[in-house]
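In what follows, a single structure is set out as structure tokens and then discussed.
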Protein chains: 2
Amino acid sequence: MSKNIPEKVSNRLTLYHSIMVEYIEAGIETISSPQIAQRLGIDDSQVRKDFKLLNNAGKCRVGYMVKDLKDSIEKTLGFSKTKDAFIVGSGHLGLALAKYDSFNSYGLNILALFDNDPQKIDIQVNNKQIFHISKLPNLVQRLGVEIAILTVPRQAAQQVAEFLIESNIKYIWNFTPVVLKVPPTVKVWNENLMGSFLQFACKDIE
Amino acid sequence: MSKNIPEKVSNRLTLYHSIMVEYIEAGIETISSPQIAQRLGIDDSQVRKDFKLLNNAGKCRVGYMVKDLKDSIEKTLGFSKTKDAFIVGSGHLGLALAKYDSFNSYGLNILALFDNDPQKIDIQVNNKQIFHISKLPNLVQRLGVEIAILTVPRQAAQQVAEFLIESNIKYIWNFTPVVLKVPPTVKVWNENLMGSFLQFACKDIE
DNA sequence: ACTAAATCAAGAAAAAAATCACGATTTATA
DNA sequence: TATAAATCGTGATTTTTTTCTTGATTTAGT
């Protein structure tokens, strides 16, 4: 599916998706670009351009079929293809993410958690087991997992990342406030909570 | 400080900031734009353009002073001005955010949590108390809090948002996968975890 | 059936962001 | 001290993204 959709667009697509879910729950079958645009505070032609990428034709004077839009957004963003992942770091955030069942409906399947604290080993979180970090390389190989969600303390981040890379992890979803040093074969996505908050907070609050 | 910094820039600024923290810990006093650029996989003139916004002059052949950069990033992004906030919804994510002490160093001060589950009331989380949601309007007024971090289940999101707005909350940092309907006086920031993940995951994994 | 209003589609224009290119400056070194 | 290499600063260029505009189409109402 990888049509190389720009980040901004895929962000909007997930917002559109939420609106589609809402409309389906409300039993509404069609939706127009001005409706969506107003809701998100963007231009309606922007919405139509985005839908164009989905190859989803609308009907003049009527709008788009909610169900079709939802499906093609899911197809385009790859909700359907399940991707397995490990959570590395079983602190508060790691546990919260493990318990966050919505991941599943977006095609992300958390198989297990890891930590180096002996106290945490073998605890079950939302039907997922916490393993000692030393078990990771073996499990990566056996289960063919490529994605790690990194939620360790920042002091440990780089070191753990290197361990993950040695263990053949290819994608790191990085929740730590550290810019990881990785070889070009490994992809990192920085989940920059504070970045977005600051953007939100600074613009108007003074 | 609100110089209306574009979202992309403020995102990069937080990444630069993390690198500065790392350099300071390593005892390195200067840093050059190509160094940073390579680390982030972006163009070095981009880095210089961003620093230009900070009014932070570099020195040819030497680079920038790490300490100065860190300070001006903090000033520009408003780390220094503390902003009070409530967490609304004391589920896994709400609790994880309450325990996430890094918020403080970015100028976000969580005062309390709220929930509607009587079982959770009065529990202390990281020195912050969980209150029944009905106590919120009064506390908003007494403490002058304007920011709410919304971490309730999606089914409740719109309804709770409306309650927050009635209670005079002006900024909602929305962690639910719902596009909230709010009046123009209220600002919403959608923390779109899945959006960023999908972007990350779809581009290369197939 | 005709008219008016809403909506889509798509190309043009504008705005914003990223990259390129090059002159100027500084430092290290021969 | 002269030369070379690294780096900054910035204007020009390119690319990307958003907004504007116009024409076609569909539906509802007269």
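Residue numbers start from 1 in every chain, and the chains themselves are labelled A, B, ... in the order their sequence lines are given, proteins ahead of strands.
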**Report entry** Interatomic distance where CD belongs to Glu7(A) and P belongs to dT15(D) [whole Å]
**Finding:** 21 Å
Query raised in the report: Does Met194(B) reach the side chain of His17(A), with side-chain heavy atoms less than 4.5 Å apart?
Result: no
Query - For atom CZ of Arg48(A) and atom P of dA24(D), their distance in whole Å - result: 16 Å
**Report entry** Distance-only polar pair, side chains of Asn109(A) and Thr82(A), donor-acceptor under 3.5 Å
**Finding:** no
Report task. Provide, to the nearest angstrom, the distance between the CG atom belonging to Asp43(B) and the P atom belonging to dT10(D). Result -> 17 Å
Query raised in the report: Start at the 5' end of DNA chain C and walk down; is the nucleotide closest to Val9(B) or to Gln35(A) reached first?
Result: Gln35(A)
Query raised in the report: With no hydrogens and no angle check, do the side chains of Tyr64(B) and Gln35(B) hold a donor and an acceptor under 3.5 Å apart?
Result: no
Report summary line: By nearest-heavy-atom nucleotide on DNA chain D, the more 5' of Asp50(A) and Tyr64(B) is Tyr64(B)
Requested in this report: May I ask you to say what Ser32(B) touches in the nucleic acid, namely base, sugar-phosphate or nothing, with a heavy-atom cut-off under 4.0 Å?
Outcome: sugar-phosphate
Query - 5' to 3' contact window, DNA chain C with chain B (heavy-atom distance under 4.0 Å) - result: dA17(C) to dT27(C)
Requested in this report: Please check if the distance between the ring centroids of Tyr16(B) and Phe51(B) is under 6.0 Å.
Outcome: yes
Report task. Answer yes or no: is there an ion pair linking Glu22(A) with Arg154(B), defined by an N-O contact shorter than 4.0 Å? Result -> no
Query raised in the report: Is the shortest side-chain N/O distance from Lys59(A) to OP1 or OP2 of dT27(D) below 4.0 Å?
Result: yes
Query raised in the report: In whole angstroms, how far is the C1' atom of dT16(D) from the CD atom of Gln46(A)?
Result: 12 Å
Query raised in the report: Quick one: Lys49(B) NZ to dT10(D) P, roughly how many Å, whole number?
Result: 10 Å
Requested in this report: State whether the distance check finds a donor on one side and an acceptor on the other, under 3.5 Å, for side chain Arg61(A) versus base dT26(D).
Outcome: no
Report task. Just call it for Lys52(B): base, sugar-phosphate, or nothing, with non-hydrogen atoms closer than 4.0 Å on any strand. Result -> sugar-phosphate
Query - Ring centres under 6.0 angstrom apart (Tyr171(A), Trp173(A)) - result: no
Query - Distance-only donor-acceptor test, Lys8(A) side-chain atoms vs dT16(D) base atoms, 3.5 Å - result: no
Requested in this report: Run the ring-centre check on Tyr106(B) versus Phe197(A) and record whether the distance is less than 6.0 Å.
Outcome: no
Query raised in the report: When the distance from CD1 of Ile31(B) to C1' of dT7(D) is rounded to whole Å, what number comes out?
Result: 13 Å
